[in-house]
Amino acid sequence: MAEKQNVMRLPAEALYAHELAALKEIDKAPRPAGWQLSPRAVLTYLTGGMAGDTVITPKYIGNNRLVEVAIATLLTDRALLLIGEPGTAKSWLSENLTAAIHGSSSKVIQGTAGTTEEQIRYSWNYAMLLANGPSEQALIKSPIYRAMEEGGIARFEEISRCASEVQDALISILSEKTISVPELGGEIAAAKGFSVIATANTRDRGVNDMSSALKRRFNIIVLPAPGDLETEVDIVRRRVKELANSYEIGASLPADDAIRQVVTIFRELRGGVTLEGKEKVKGPSGVISTAEAISLLTGSMALAASFGSGEVEAQDLAAGLQGAIVKDEEKDRGVWKDYLENVMKKRGSEWRPLYNACREMNV
């Protein structure tokens, strides 16, 4: 494995290797076939706690019951489908579930309009195929194929981005737990522990709707957006700290007041009303999710480190806000200007530096 300092992004099983090792050491509960931890230890890994003297950091902040249902689903022969708005931690939860249960989250299919059925089942090394005919050596196994062999978990990101016929290739796999390879005169049967975790974006409804037959093969969990300001601030604070340490940005973490201001702006623009419920707010054309807030604050740290004082200031936040909110120049600039003048301007003196910096950016 590459050294940590040379890798932009570590997979969850490497990033939290010390936590997983501590949980394995104290975990005396029965472990299902193919699992490296018991269900209760997986829950602790995801929601936080202690493993001996090791602090287990929360990977998912929200309704713990949803996490319990997800873990319980993977104990059965049902696949798991996580649905939610952008930024509701679908992929993050999928990755960490897989890391905790199987120890490897790398078996991933990224759903796009160009995803083919071969990427779900298998394909061939055509040079070897032409030279020697069908053989095990010429077979290129998909992530799902490899997960079936190992009794592991395959992740299918943005499944509704794939064409319907590609999605439907999953039906027989999830039903029969086999992949037929007629060219070799046989099939691969899934080892115990095999499952699939898929994610789908509610903003993509109507792109390629999943068939009812495919939906029946999944247990579906809808992940909500953070329910209140404090929860979202906590999520953003934790993830910004993790990313800042990973990227070694060299700036101080944003102050809690700065994080709270950014999250407040996002929640109000997303919800169409101020947090006090006193004034309606026009929403921008793009998605302004929790993930966008994390990205904005991380980018503000990079600005402060490279071109500022090393402390995140109002002008650093303003630049990020402008890029996050004004995605459609014609519509969003007016929406953002209305928010500045009708909401932010009327707030107290602690908001004045950010208002002035945003107004200057939006002239």
Quiz item: Are F194 and K177 side-chain neighbours, meaning at least one heavy-atom pair lies under 4.5 Å?
Solution: yes
Quiz item: Is atom CZ of R237 surrounded by more than 12 heavy atoms (other residues, nucleotides or ligands) closer than 6.0 Å?
Solution: yes
Self-check item: Heavy-atom pair of closest approach, residues S180 and E187
Solution: CA-CB, 3.8 Å
Exercise. Give a yes or no answer on whether the side chain of T44 reaches the backbone of G48 with a donor-acceptor pair at less than 3.5 Å.
Key: no
Quiz item: Is any side-chain heavy atom of L223 closer than 4.5 Å to a side-chain heavy atom of Y60?
Solution: yes
Practice problem: Evaluate the side-chain proximity of E157 to I109: yes if any heavy-atom separation is below 4.5 Å, no if none is. | Solution: no
Quiz item: Can you tell me if NZ on K337 sees more than 12 non-hydrogen neighbours from other groups inside 6.0 Å?
Solution: no
Practice problem: Take atom CD of E350 as the centre, draw a 6.0 Å sphere, and report whether it contains more than 12 heavy atoms from other residues, nucleotides or ligands. | Solution: yes
Quiz prompt | Minimum side-chain heavy-atom gap L243-I294 below 4.5 Å | solution = yes
Quiz prompt | Check: D27 side chain, S38 main-chain N or O, donor-acceptor pair, under 3.5 Å | solution = yes
Quiz item: So among R9, K90, K107, which one has a salt bridge (Lys or Arg N to Asp or Glu O under 4.0 Å) with E95?
Solution: R9
Quiz item: Does the distance from a Lys or Arg side-chain N to an Asp or Glu carboxylate O, for R239 and E242, drop under 4.0 Å?
Solution: yes
Quiz item: Got more than 12 heavy atoms from elsewhere within 6.0 Å of CD, E341?
Solution: yes
Self-check item: Close side-chain approach of I120 to I179, heavy-atom, < 4.5 Å
Solution: no
Quiz item: Quick one: is the NZ or CZ of K59 closer than 6.0 Å to the six-membered ring centre of Y45, and within 45° of its axis?
Solution: yes
Practice problem: State whether the number of non-hydrogen atoms from other residues, nucleotides or ligands found under 6.0 Å of K215 atom NZ is greater than 12. | Solution: no
Quiz item: Going by the angle between their ring planes, with limits at 30° and 60°, are W124 and Y122 parallel, tilted or perpendicular?
Solution: perpendicular
Quiz item: Are S172 and R121 close enough that some pair of their side-chain heavy atoms sits under 4.5 Å apart?
Solution: yes
Self-check item: Side chain proximity check, S300 to P254, heavy atoms < 4.5 angstrom
Solution: no
Quiz item: What heavy-atom pair brings P143 and A154 nearest, and what distance separates the two atoms?
Solution: O-CB, 4.0 Å
Practice problem: Check whether any side-chain heavy atom of L46 sits under 4.5 Å from a side-chain heavy atom of P58, and report yes or no. | Solution: no
Quiz prompt | Residues, nucleotides or ligands: over 12 heavy atoms within 6.0 Å of Y126 OH | solution = yes
